[in-house]
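For reference, the structure discussed in these notes is given below.
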Amino acid sequence: MGRPAHERTEKTRSEVKAFAMVGTPQDEIAKYIGVDRKTLTKHYRHELDTAMTMANAKVAQSLFQ
């Protein structure tokens, strides 16, 4: 019998997004939330894919202001 199935929560979604926005490697993010990298990418693909774009938009917005 293996580990229980991972359940994605708003807290873990926010944490993954925050770590990814500052460039934290996916292996480190996975370790922090207690899953392997495969599980991280399975459950948090959207957060991982959009985090850098969101970070760049925030920087651009700050520079514009």
Side-chain angles (χ1 to χ4, degrees):
M1 186 173 230
R3 291 184 186 178
H6 177 72
E7 290 191 35
R8 193 169 89 150
T9 65
E10 282 301 314
K11 180 181 181 227
T12 56
R13 286 183 68 223
S14 294
E15 291 173 336
V16 168
K17 187 185 303 182
F19 281 124
M21 285 177 72
V22 297
T24 305
Q26 290 183 13
D27 289 332
E28 294 298 316
I29 298 171
K31 190 183 307 181
Y32 176 80
I33 64 170
V35 298
D36 65 23
R37 186 172 179 179
K38 218 166 124 176
T39 301
L40 177 75
T41 56
K42 176 181 176 183
H43 290 281
Y44 301 97
R45 181 81 269 153
H46 178 73
E47 289 79 4
L48 296 169
D49 287 346
T50 60
M52 193 56 68
T53 301
M54 291 173 62
N56 288 337
K58 285 186 178 195
V59 170
Q61 181 182 18
S62 179
L63 290 171
F64 181 73
Q65 291 176 352

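The model shown is predicted, which means the values in this text are computed figures rather than measured ones. All values below come from the heavy atoms of this structure, side chains included, with hydrogens, waters and symmetry mates left out.
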Open item on the list: Please report the interatomic distance OH(Tyr32) to OG1(Thr12), rounded to the nearest 0.5 Å.
Closed with: 10.5 Å
TODO: Answer yes or no: is there a side-chain heavy-atom contact under 4.5 Å between Thr39 and Asp36?
DONE: yes
Open item on the list: If I take atom CG from residue Leu48 and atom CG from residue Leu40, how far apart are they, to the nearest 0.5 angstrom?
Closed with: 5.0 Å
Open item on the list: To check you understand the geometry: which heavy-atom pair defines the closest contact between Ala20 and Met52, and what is its length?
Closed with: O-CE, 3.9 Å
Open item on the list: Is any side-chain heavy atom of Met21 closer than 4.5 Å to one of Lys58?
Closed with: yes
- [ ] Begin from the C-alpha positions of Tyr44 and Gln26 and carry the test side chain to side chain contact (heavy atoms under 4.5 Å, CB included) through to its verdict.
- [x] CA-CA 11 Å; Tyr44 301 97; Gln26 290 183 13; over 6 Å; no
Task: Gap between atom CZ of Arg37 and atom CD of Glu28 - 0.5 Å precision - done: 11.0 Å
- [ ] Could you go through the side chain to side chain contact (heavy atoms under 4.5 Å, CB included) check for Lys17 and Met54 one step at a time?
- [x] CA-CA 9 Å; Lys17 187 185 303 182; Met54 291 173 62; 3.8 Å; yes
Task: Closest approach of His43 to Glu47 (non-hydrogen atoms, all atoms of both residues) - done: O-OE1, 4.3 Å
